[in-house]
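Keep in mind that the numbers below use all heavy atoms, side chains included, and drop hydrogens, waters and symmetry copies.
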Amino acid sequence: MHLRLFALVMSLLCEVIRMGSGVMQKQSAHRETSEDCQSCLECSRDNGCVRCPERLFLFLQRKGMSHHGTCLHSCPAGHFGQRGRDVNRCMKCRSLDCEHCFSRDFCTKCKPGFKLHKGKCLIHCPEGTYAHQTDCLEDCSLAPLGEWSEWSVCVRDGATCGFRWGKQTRARQSSQSGREAEEKGASVCLAQSETQRCRMKKKCPTERRQNKKGGLGRKRERKRVKLLASSRPGVSPEATTDPSRGP
């Protein structure tokens, strides 16, 4: 009788010890995976998150020979979010130079030192485009331009005088210098220019000097003729005023 009672007590004690050990193991496993499993629907002690809520993305990182899963609101650099029927996953961009991508082969942001052009990350912008910040742009209307230059000299038919009206122009180049464009392999957009009507000097300075000299010569000639006429009796000054007249 005593032996049966002792055996029963021992069996109950062993069961209590076994159940306590299971609880301790579960608590230990929970402590080990609680941080990784906070946002998971399903979690593995060895592999982290296995299934995520509907709006989150499952991001798998290789750790040794296995993968460790994490549920994220947005995928990290070098990855894009791909939504599926059962699970949303973070997929890796194909290009190593891509920091963010829309799909596997279409990059939306490049790593420093690269320019984005049509979903590709390039070291130099292709011909017909120009480098602007982190992109290669084709539309020159969006190119940053510098200040306007001074108005040019008023010109008409290659002359700067002799006409009443002429034209003058001014221009402004892209703010990217030619040296920068050459170093980066980018083509600079054509400069913008504008033209306006301008007033010219109708008489050139050389003509004025010639006219001025001619006027002084005629005055001296008339004075000389008058003096000559006064020295000749019987000759009127009017008759000798114009030396070109005949007798």
Quick check for you: to the nearest 0.5 Å, what is the distance between [X] atom [atom1] and [Y] atom [atom2]?
{"X": "His132", "Y": "Cys125", "atom1": "NE2", "atom2": "SG", "answer": "11.5 Å"}
{"X": "Asn88", "Y": "Arg83", "atom1": "CG", "atom2": "CZ", "answer": "5.0 Å"}
{"X": "Thr160", "Y": "Lys201", "atom1": "OG1", "atom2": "NZ", "answer": "8.5 Å"}
{"X": "Phe114", "Y": "Cys136", "atom1": "CZ", "atom2": "SG", "answer": "12.0 Å"}
{"X": "Asp97", "Y": "Ile123", "atom1": "CG", "atom2": "CD1", "answer": "7.5 Å"}
{"X": "His124", "Y": "His117", "atom1": "NE2", "atom2": "NE2", "answer": "14.5 Å"}

Exercise. Could you give me the CA-CA distance, side-chain angles and deciding distance for Met91 and Arg104, then say whether side-chain contact (heavy atoms from CB on, under 4.5 Å) is met?
Key: CA-CA 7 Å; Met91 307 297 292; Arg104 184 173 176 82; 5.6 Å; no

Exercise. Identify which one of Lys120, Lys118, Arg94, Lys92 satisfies the salt bridge (charged side-chain N to carboxylate O under 4.0 Å, His left out) criterion when paired with Asp105.
Key: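 Single pass found, and it is Arg94.
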
Practice problem: I would like to know whether Val155 and Gln168 meet side-chain contact (heavy atoms from CB on, under 4.5 Å); could you show each step before the answer? | Solution: CA-CA 6 Å; Val155 180; Gln168 59 184 172; over 6 Å; no

Quiz item: Under the disulfide (SG to SG under 2.5 Å) criterion, do Cys198 and Cys154 qualify, and how do the steps go?
Solution: CA-CA 6 Å; Cys198 56; Cys154 195; 1.8 Å; yes

How about [X] and [Y]: do any of their side-chain heavy atoms sit closer than 4.5 Å?
{"X": "Asp157", "Y": "Phe163", "answer": "yes"}
{"X": "Cys52", "Y": "Leu41", "answer": "no"}
{"X": "Glu194", "Y": "Thr169", "answer": "no"}
{"X": "Cys98", "Y": "Cys110", "answer": "no"}
{"X": "Arg156", "Y": "Met200", "answer": "yes"}
{"X": "Tyr130", "Y": "Leu137", "answer": "yes"}

Heavy-atom closest contact ([X] atom, [Y] atom, distance):
{"X": "Asp46", "Y": "His68", "value": "O-ND1, 4.1 Å"}
{"X": "Phe102", "Y": "Phe80", "value": "O-CD1, 3.7 Å"}
{"X": "Ser193", "Y": "Trp148", "value": "CA-CZ3, 4.1 Å"}
{"X": "Cys204", "Y": "Gly162", "value": "SG-N, 3.7 Å"}

Quiz item: Centres of the Phe59 and His79 rings: under 6.0 Å?
Solution: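 Aromatic pair counts; centres sit under 6.0 Å.
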
Quiz item: Can you check side-chain contact (heavy atoms from CB on, under 4.5 Å) on Asp86 and Arg51, steps first, answer last?
Solution: CA-CA 9 Å; Asp86 299 327; Arg51 191 162 67 93; over 6 Å; no

Quiz item: Is the count of non-hydrogen atoms from other residues, nucleotides or ligands lying under 6.0 Å from Glu54 atom CD greater than 12?
Solution: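 Not buried by this count: 12 neighbours or fewer within 6.0 Å.
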
Practice problem: Decide if atom CD of Glu150 counts as having more than 12 heavy atoms of other residues, nucleotides or ligands within a radius under 6.0 Å. | Solution: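 No.
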
Quiz item: Taking it one step at a time, do Cys49 and Leu58 satisfy side-chain contact (heavy atoms from CB on, under 4.5 Å)?
Solution: CA-CA 8 Å; Cys49 292; Leu58 178 63; 4.1 Å; yes

Exercise. Would you verify whether the NZ or CZ of Arg199 falls within 45 degrees of the ring axis of Trp165 while also being under 6.0 Å from that six-membered ring's centre?
Key: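 Yes, Arg199 lies over the aromatic ring of Trp165.
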
Self-check item: Check against salt bridge (charged side-chain N to carboxylate O under 4.0 Å, His left out), Lys109 and Glu99
Solution: CA-CA 5 Å; Lys109 183 180 180 181; Glu99 187 169 328; 3.8 Å; yes

Quiz prompt | Sulfur-sulfur distance Cys40/Cys71 under 2.5 Å | solution =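 No, Cys40 does not link to Cys71 through a disulfide.
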
Quiz item: Between the main-chain N or O of Cys121 and the side-chain N or O of Lys111, is there a donor-acceptor pair closer than 3.5 Å?
Solution: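 Side chain of Lys111 to backbone of Cys121, a donor-acceptor pair under 3.5 Å: no, none is there.
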
